[in-house]
There are 2 protein chains.
Amino acid sequence: MTDTPKFRRQIPEERKKEMVEATLRCLEQKGSEGLSVRNISAEAGISIGLINHHYPSKDDLVAAAYEKLATDLLQYVVRLVEQSGGTPRERMSAFFKGYFSSEILDQKILRVWVVFWNMSEKSEKVRQSHDRTYAGFRAQLEQMLCDLVNHPGIPDFNHRLAAIGLSAMLDGLWLEWCLNPATFAPEEGLRICEAWVDGLVSGAFDL
Amino acid sequence: MTDTPKFRRQIPEERKKEMVEATLRCLEQKGSEGLSVRNISAEAGISIGLINHHYPSKDDLVAAAYEKLATDLLQYVVRLVEQSGGTPRERMSAFFKGYFSSEILDQKILRVWVVFWNMSEKSEKVRQSHDRTYAGFRAQLEQMLCDLVNHPGIPDFNHRLAAIGLSAMLDGLWLEWCLNPATFAPEEGLRICEAWVDGLVSGAFDL
DNA sequence: TCAACTGTTGAACATTCGTTCAATTATGAT
DNA sequence: ATCATAATTGAACGAATGTTCAACAGTTGA
């Protein structure tokens, strides 16, 4: 008779991390239908009651999951730019290439995001997390756009509005592709964004 | 004793219409939380059982609600363009003006849309409705962009990709404003789109 | 070796959900 | 007036939900 322990104790910090990751896996697989405490606890290999022991309510766990996914995706795109050397324009292209790769252009992520959007109005934490990470995303774009201008012969423009517009175009393409991948190919989305930047630096925009 | 009838009989067609409208009101008010048959039937002033009498399941009612909202919004923007005379460029501006008005740029609509996005993967009807209305929306944009080119001195471009890009930018701006209206003002979103079109017709885009 | 601590369990509870269906009743034809 | 039709009702049902809490058990330090 091997005496295998019925469970393994863990420090709250690590257990919480596991639960957050399990929550994201559940959301990626089944969207809002996978968000029950029973499904999450099964995915994490823990009991039902443990969730409310570490989190005041389920919504707090989901808010923590939003925080992680949003931060991870932001980090992903930031590293894309950092790792790619070259000119500012080349770095922008590297960013686009990563954005329209299967890492981000993924229907599984939309499944998660839709649940978060649904929560953002009710959960203060989710809304704050959105505002913070989205501001970071736009700041990254604005910095890249700014770098483009710091070269001779490039006309200036309203960096803030340009970042908002580019961010919107990226999000809109991402969303529509996830809802119906037949509408356009990822390479076409990439081309649309490249053309937008080319137009911007050519001074055609009155921004 | 006045003998007020306990209910009023209606032909299925009209009753269904009432239920669809009640469903949309519920979604606008409370999002997915307002989508229960009890809440909908209370809003419509009918009994619980009547929903399943006219619709095989609740999902079919929601799909019908999607169909109506999507069609209504598409009709709204189409009429915006039809009613505005003037040059193609002025009609485009009229369209933008209507799009960034409180009629469409409304957090209530996002509440509804998020629920539909969540359903689109599971419900064949909802997905078909999305594909159809979204194609109509893009076709409208493509026609307007096409009209812009049919004037002398305007360089040509890939109408399909341009429509996809503009559609994405509109959607992205709409979504982000609904999630956080503090990010930018509606007039700024309008300006971003106007600048995009100006850049397009100036030939700055390689589309 | 033995407590003290606390991470962990899972049955139980009160709600809420979508759906069903037998009974009811408004309505139009005869 | 009477009847057949079908629109409407609402109680009932089983399934699923988030949360609670008393009991359990692994871990650690003395």
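Just so we're clear, the structure is a prediction, and the values are computed from it rather than from any experiment.
- Atoms OH (B:Tyr55) and C1' (C:dT20) sit 19 Å apart, rounded to a whole Å.
- Donor-acceptor pairing under 3.5 Å is recorded for the side chains of A:Ser93 and A:Arg89.
- Whole-Å rounding puts the A:Ile51 CD1 to C:dT8 C1' distance at 13 Å.
- Of the options B:Lys125, B:Arg132, B:Glu124, a side-chain hydrogen bond (donor to acceptor under 3.5 Å, both in side chains) to B:Gln128 is made by B:Glu124 and by none of the others.
- Per the geometry, CG belonging to B:Leu50 stands 14 Å off C1' belonging to C:dC21, to the nearest Å.
- The interatomic distance linking A:His53 (NE2) with D:dA23 (P) rounds to 17 Å, in whole Å.
- In this structure, A:Ile11 atom CD1 and D:dT28 atom P are separated by 11 Å, rounded to whole Å.
- B:Arg15 comes within 4.0 angstrom of the backbone, heavy atoms only, and of no base.
- Within the 4.0 angstrom heavy-atom criterion, no nucleotide atom of any strand lies near B:Leu61.
- In this model, a donor atom of one side chain and an acceptor atom of the other lie less than 3.5 Å apart for B:Glu18 and B:Gln10.
- We find that CZ of A:Phe7 is positioned 11 Å from C1' of D:dA23, with the value rounded to whole Å.
- Across all strands shown, B:Ile40 has no heavy atoms under 4.0 Å from either base or sugar-phosphate atoms.
- The closest side-chain donor-acceptor pair between B:Ser32 and A:Asn118 falls under 3.5 angstrom.
- Map B:Arg9 and B:Val37 each onto its nearest nucleotide of DNA chain C; the residue landing nearer the 5' end is B:Val37.
- Using a 4.0 Å heavy-atom cutoff across all strands shown, A:Arg8 reaches sugar-phosphate atoms only and no base atom.
- Contacts of B:His54 with the nucleic acid, taken as non-hydrogen atoms under 4.0 Å apart, involve only primed sugar atoms and P, OP1 or OP2.
- Among the protein residues, A:Ile46 comes within range of the sugar-phosphate backbone only, with heavy atoms under 4.0 Å from sugar or phosphate atoms but none that close to a base.
- In this entry the distance linking CG of B:Asn52 with C1' of D:dC13 reads 14 Å, nearest Å.
- For A:Ser36, a side-chain nitrogen or oxygen approaches OP1 or OP2 of D:dT17 to under 4.0 Å.
- Distance CE (A:Met19) to C1' (C:dG7): 12 Å, rounded to an integer number of Å.
- In the set C:dT19, C:dG7, C:dT8, C:dT19 carries the atom at the smallest distance from any side-chain atom of B:Arg38.
- Nucleotides of DNA chain D nearest to A:Lys58 and B:Ile48 differ in position, and the one nearer the 5' end is that of B:Ile48.
- B:Ser123 places no side-chain N or O within 3.5 Å of a backbone atom of B:Ser120 that could act as its donor or acceptor partner.
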